[in-house]
Amino acid sequence: MRLAWCHTNLGLRRRPAILYTLLISFMMLVYVLAPVNRRIEHQQDVILKENGESSHSSITTTGTPKIRTRMGWMVINTVNKIPVVQYRGAELTNKSFDERGWLNVKNNPCVEETNKPQPESKCLQITVEIQSRMGNHMFMVAAMIAAANMSGRCSIISPTPMLKVFNLQNITALNKGEWKKTTTKSNWLIFDSGKIAVYNPAVRVLPTCKNVILRGFFQSWKYFHHMKPEIVKQFTFIPKVQEKAKIALSNAVKAVKIAKTATVVGIHVRRGDIIKDPFYKRHGFDVPDARYFFKAMTYFQKKYSNVVFVVATNGIEWSKANLNVVANILGTNVVYLQGNSPEVDMAALAMSDHMIMSLGTYSWWAAYLCKGEVIYFSGYPRDGSIMGGKLKKADYYLPYWIGMK
């Protein structure tokens, strides 16, 4: 009995020592992690990459922002209501950490400049690298306008045909030499959109101490749709283009001798280069056939009265050979826009009551500027193709557009 009592008593005496050891261990852990928390709390921004390099970062827009270090996911507090970018751990370089494996804020050029007072008149700038043709230009400029609006930046732009087509406002246009000279200075960073038509939410959190060059195609409505009225205002065609488009539509309706209350449905048929160049077929640019247009035209013919289909195309022979047959089957009217510039045709399609798309960014923007219902070809891009891996349909096509094929 005595031996048992001694054993129990010894156990009672050891419990305070165990609790004391656990408390000391916890305090040491807090002490070790404290420098990381202090560093993270003062980091407003994480740069994308230095000028000339791309970034494929992503952010968390809801919940508590975090960043992955070698010690695991660490919570990052927001500073002045600005969330910090959340990087995927595999994309952080060795320079992002110090010798202890903690986030190294010294490699962030914004950290040292964040707390410096900036002149009120100074405006950080944003621009975009213009490439390809007008439809692509429109995506790039729309993304720039939205990013400038979110981050309070001034927009500059290099030469683009858009300047002769739209009444772009609050955007400073520079010649090629001026733009290159301005954007090659050390205070510029490049933000790369990544995949062609997959939304990259990291654009919402741009560095607060650097000017930014947007690089990529930005082919997603998610970059700018939250401010559609402003985008539509920016992409208002100049009066000369609007007038020609109005005349073209008016003549189209008169040609079929239909009532003034006609429902005009614009149709864009893309053929030409996308048919002749095997590159497009190989990469998944399948073009819609006559069955698609039959389904789309039937939809509008049944839903509305006095329908007139107005076609803009770069394949007039194929369009007449196929769409005239469809029109005869449906007992409806189809007319063709011919002899106009691409911007006049786009303006005419945008002025239509509704729109049937083909594929490509030109067709996309004509539909976006149209105020009515939109039917798109859901067969683009082809599933499993190269382009299919670069375009996310939920990011590219608006959710209320109607897909058919």
Side-chain angles (χ1 to χ4, degrees), residues 129-143 160-162 192-200 215-223 266-297 299 309 311-323 326 336-337 341-343 345-346 349-350 355-370 374-399 401-405:
E129 290 185 347
I130 296 295
Q131 54 183 314
S132 194
R133 295 183 291 188
M134 189 167 73
N136 285 307
H137 293 191
M138 295 174 74
F139 270 112
M140 297 168 192
V141 172
T160 167
M162 289 180 60
D192 196 301
S193 66
K195 294 183 179 180
I196 292 175
V198 177
Y199 176 61
N200 185 349
R215 173 181 289 171
F217 290 92
F218 297 91
Q219 292 181 17
S220 173
W221 56 270
K222 293 182 179 180
Y223 286 110
I267 300 179
H268 179 240
V269 181
R270 183 177 177 182
R271 306 289 293 180
D273 61 333
I274 209 164
I275 297 296
K276 298 176 182 177
D277 191 341
F279 168 88
Y280 291 105
K281 182 69 175 179
R282 190 167 59 249
H283 282 70
F285 287 73
D286 287 0
V287 296
D289 56 19
R291 290 173 296 179
Y292 162 74
F293 291 106
F294 177 79
K295 292 178 183 178
M297 292 169 72
Y299 172 86
F309 294 100
V311 181
T313 179
N314 61 346
I316 190 67
E317 293 182 2
W318 184 94
S319 298
K320 286 185 175 181
N322 289 274
L323 299 189
V326 174
Y336 300 87
L337 300 173
S341 64
E343 57 267 25
D345 278 351
M346 179 184 280
L349 292 172
M355 172 82 184
I356 298 173
M357 293 173 56
S358 182
L359 74 160
T361 55
Y362 179 95
S363 193
W364 194 99
W365 277 102
Y368 191 75
L369 297 177
C370 177
V374 172
I375 292 178
Y376 68 89
F377 177 55
S378 59
Y380 168 75
R382 185 173 66 249
D383 292 338
S385 65
I386 295 174
M387 191 61 189
K390 299 178 179 180
L391 185 151
K392 184 178 180 181
K393 291 184 179 181
D395 289 355
Y396 185 69
Y397 297 111
L398 274 83
W401 286 358
I402 303 168
M404 295 184 181
K405 66 177 181 179

(request) Go through the steps to decide whether M297 and I267 satisfy the test side-chain contact (heavy atoms from CB on, under 4.5 Å), and finish with yes or no. (result) CA-CA 9 Å; M297 292 169 72; I267 300 179; 3.9 Å; yes
(message) What verdict does the side-chain contact (heavy atoms from CB on, under 4.5 Å) test give for R271 and E317, after you've listed the backbone C-alpha separation in whole Å, the side-chain angles of each residue and the deciding distance to 0.1 Å?
(response) CA-CA 10 Å; R271 306 289 293 180; E317 293 182 2; over 6 Å; no
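Taking the six-membered ring for Trp and thresholds of 30 and 60 degrees, F285 and Y380 have ring planes inclined between 30 and 60 degrees apart.
Centroid-to-centroid, the aromatic rings of W364 and Y376 stay 6.0 Å apart or farther.
A pairwise comparison of heavy atoms in P288 and L359 identifies CD-CD2, 3.8 Å as the closest pair.
Annotation: side chain to side chain donor-acceptor pair (under 3.5 Å) contacts involving residues 133-143, sequence neighbours excluded, comprise S132-N136, R133-D273, N136-Q219, H137-T160.
Residues passing the side chain to side chain contact (heavy atoms under 4.5 Å, CB included) test with A143, sequence neighbours excluded: F218, Y223. Partners of K405 by side chain to side chain contact (heavy atoms under 4.5 Å, CB included), not counting sequence neighbours, listed by chain and number: F377, S378.
R270 contributes no side-chain N or O that, together with a main-chain N or O of M357, makes up a donor-acceptor pair within less than 3.5 Å. Within the 3.5 Å criterion, the main-chain N or O of L323 finds no donor-acceptor partner in the side chain of W318. Without hydrogens or angle criteria, Y362 side chain to M346 main chain gives a donor-acceptor distance under 3.5 Å. D395 places a side-chain N or O within donor-acceptor distance of the main-chain N or O of Y199, the cut-off being under 3.5 Å.
Atom CG of residue N322 and atom CZ of residue F293 lie 9.0 Å apart, to the nearest 0.5 angstrom.
A ring pair (Phe, Tyr, Trp, His ring centres under 6.0 Å) with F139 is found for one member of Y368, F217, W365 and no other, namely W365.
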